[in-house]
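One structure below.
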Protein chains: 2
Amino acid sequence: MKNYTTILREYNLKATPQRLAIIESVDRFGHINIDNLYEEVKNKFSSISLATIYKNINSMISNMLLLEVKVPNQKSVYEMVKEQHSHLICDSCGAIVDIKINTSNIEESISKDYNFIINKSDVVFSGNCEKCR
Amino acid sequence: MKNYTTILREYNLKATPQRLAIIESVDRFGHINIDNLYEEVKNKFSSISLATIYKNINSMISNMLLLEVKVPNQKSVYEMVKEQHSHLICDSCGAIVDIKINTSNIEESISKDYNFIINKSDVVFSGNCEKCR
DNA sequence: CTGACTGCAAACGTTTTGCACGGTA
DNA sequence: TACCGTGCAAAACGTTTGCAGTCAG
């Protein structure tokens, strides 16, 4: 069990029970949208309000502890900031999988060709997963 | 000047003046969000309502004439369906540029490694453009 | 002529805000 | 203790819907 209290403080956020429940759920699910997060946190913290979820997600994003992933035809999902990675998302079942792909040579050639400094890559492949055909 | 009437009919949409103004603006801008589109179309068609913009954007997306591009920290932009491409977006000035990159080898290895059939790639690189440093 | 489209206003779902209270550091 | 966070309710936003009138084909 990770020490989420320490993590929150490292990101300049007070370690309230609500925040601990939120960050624990996000980490356990890998990616989670607002509604599922709300349901999940309510299981362990029935008094929490949706406004608190929103406020905390937003402050965690501002403080770079979480990031938002925009996905086609779905609500955004939130995940902890870890190593850079891309996403595979199944159009039928909605499952999202993290994948490691090497985009560094592509990014390098873009920097050159377009004289553009890249500091973030959002890469989402949609299609059908193994189960869903 | 393209014949947008013909294009609309090819996509099974009646060629109303409102639609012609919408598709012409989207095509001229390359990518445009709802608010800018509304302002733009109003210039030539002052009586148009925002609801009409929404209804038409949605039907054009359903009929595969337009597609939605979700971008970080901004509203989605809409563009005509053309060849597959990726996007470069400047965090300072918000400019969006189409770029051609070859993702086919990446997609191929993903198909193999994850046994996943890809039918859409959403690739957005964020950073700073030439002007904005 | 008929079904589809428009514009308005109302409804809806989602996210943010203001404020009084409570809890962390 | 001081400030930040919480929860509630209300407000603000963005988008969709219903409907009566209009128009494209």
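Fair warning: this is a prediction, and the values are worked out from it, not measured in the lab.
The OH-C1' distance, from A:Tyr11 to C:dT24, rounds to 21 Å in whole Å. If you take CG of A:Leu37 and P of C:dT14, they are 15 Å apart, rounded to a whole angstrom. What separates OH of B:Tyr38 from P of C:dC8 is a distance of 8 Å, to the nearest Å. Atom CG of B:Leu13 and atom C1' of C:dC5 are 11 Å apart (whole Å). The CD-C1' distance, from A:Gln74 to C:dT14, rounds to 17 Å in whole Å. Following rounding to the nearest Å, B:Arg9 (CZ) and D:dG25 (P) show an atom-to-atom distance of 4 Å. B:Ile57 places its CD1 atom 15 Å from the P atom of C:dC5, with the value rounded to the nearest Å. Nucleotide D:dC8 holds its P atom 12 Å from the CD1 atom of A:Ile53, rounded to whole Å.
For D:dG7, the base has no donor-acceptor partner in the side chain of A:Lys42 [N/O atoms by modelled type, under 3.5 angstrom].
Contact annotation: B:Gln18 reaches the phosphate of C:dG7 (side-chain N/O to OP1 or OP2, under 4.0 Å). Between A:Thr16 and C:dT24 there is no side-chain N or O to OP1 or OP2 distance below 4.0 Å. At least one side-chain nitrogen or oxygen of A:Asn58 sits closer than 4.0 Å to the OP1 or OP2 atom of C:dT16.
Comparing B:Asp35 and A:Phe45 by the nucleotide of DNA chain D that holds the closest heavy atom to each, the one mapping nearer the 5' end is A:Phe45. Toward the 5' end of DNA chain C, the nearer of the two residues B:Arg19 and B:Ala51, judged by each one's closest nucleotide, is B:Arg19. Mapping B:Ile34 and B:Lys14 onto DNA chain D via the closest heavy atom, the residue that lands nearer the 5' end is B:Ile34.
Among the protein residues, A:Lys55 comes within range of the nucleic acid bases, having at least one heavy atom under 4.0 Å from a base atom. Residue A:Ser59 is classed as having no contact, given no heavy-atom separation below 4.0 Å to the nucleic acid. Residue B:Thr52 is in base contact, counting any heavy-atom pair closer than 4.0 Å across all strands shown.
Counting only N and O atoms by type, the side chains of A:Ser59 and A:Ser62 include no donor and acceptor under 3.5 Å apart.
The shortest distance between side-chain heavy atoms of B:Gln74 and A:Lys70 does not fall below 4.5 Å.
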Exercise answer: donor-acceptor pairs, residues 5-16 of chain B side-chain atoms, under 3.5 Å, sequence neighbours excluded:
residue : atom : partner : partner atom : Å
B:Thr6  : OG1  : B:Asn3  : OD1          : 3.1
B:Thr6  : OG1  : B:Asn3  : ND2          : 2.8
B:Thr16 : OG1  : B:Arg19 : N            : 3.2

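Relative to the six-membered ring of B:Tyr38, B:Lys42 meets both conditions, a distance below 6.0 Å and an angle of at most 45° to the axis.
Under the side chain to side chain contact (heavy atoms under 4.5 Å, CB included) criterion, A:Ser126 pairs with A:Pro72, A:Ile89, A:Asp91, A:Val124, B:Lys120, B:Asp122, sequence neighbours left out.
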